Amino acid sequence: MEQTFLMVKPDGVQRGLIGEIVKRFEQKGFQLIGCKLLVMTREQAEYHYAEHKGKDFFERLVTFITSGPVFAMVWEGEQVIALSRTMIGKTNSLEAMPGTIRGDFAVHTNLNLIHGSDSPASAEREIKNFFTEAELCRYSKVI
Ligand code: CMP
């Protein structure tokens, strides 16, 4: 089954949106198999955003993402990577459609509430940056 890494960013945590965001993925039918509240280290943030190193917004992004607690999650389900990206909405705040998380709650491209892996390779790399294998729970749905 496909897995993805989702993370409520410091702005989402501070605005009290963890519950709203988790609710949307639960209602969609995905399964939460790991989560934790943490403050990212600079090293962890630079690794997470390595593909953006050298871009003009990189320093601002690392400073922001390490500025307070994030809520890191691993979700499992069919096509969870692509479907969760659709539910999150476009990175550019002007393109994030109503009904998506960013479209409904964010006005800034920088303060855009949530990160979601964009490919299976990114998901695997990002999950390992936050979770050990033992921290992920596999369980069958009985209801
Ligand atoms: P995220 O999905 O976490 O991935 C990279 C982040 O960089 C993105 O969300 C934005 O928060 C941030 N960012 C800031 N400026 C830009 C930009 N011009 N293009 C893309 N991402 C940006």
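We count ligands from 1, going down the list as the structure has it; atoms in each ligand are counted the same way. Keep in mind that what you see is a predicted model, and the values were worked out from it rather than measured.
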F58/Y49 aromatic ring centres below 6.0 Å = no
So the salt bridge (Lys or Arg N to Asp or Glu O under 4.0 Å) pairs with at least one residue in residues 87-116 (sequence neighbours excluded) are R24-D104
Results of ring-ring contact (aromatic ring centres under 6.0 Å, His included) for F57 - residues two or more places apart only | H52
Verify whether the ring centers belonging to H48 and F5 lie closer than 6.0 Å.
-> yes
Mind checking whether M73 and M7 have side chains closer than 4.5 Å, heavy atoms only?
-> no
Partners passing ring-ring contact (aromatic ring centres under 6.0 Å, His included) against F25 (at least two apart in sequence or in another chain) | W75
Atom pairs and distances, ligand 1 N/O vs protein N/O under 3.5 Å:
| unit_1 | atom_1 | unit_2 | atom_2 | d |
| --- | --- | --- | --- | --- |
| ligand 1 | 2 (O) | R102 | NH2 | 3.3 |
| ligand 1 | 3 (O) | K9 | NZ | 2.7 |
| ligand 1 | 3 (O) | Y49 | OH | 2.7 |
| ligand 1 | 3 (O) | H115 | ND1 | 3.2 |
| ligand 1 | 9 (O) | K9 | NZ | 3.0 |
| ligand 1 | 9 (O) | N112 | ND2 | 3.2 |
| ligand 1 | 11 (O) | K9 | NZ | 3.1 |
| ligand 1 | 11 (O) | T109 | O | 3.2 |
| ligand 1 | 11 (O) | N112 | OD1 | 3.4 |
| ligand 1 | 11 (O) | N112 | ND2 | 3.2 |
| ligand 1 | 15 (N) | N110 | OD1 | 3.4 |

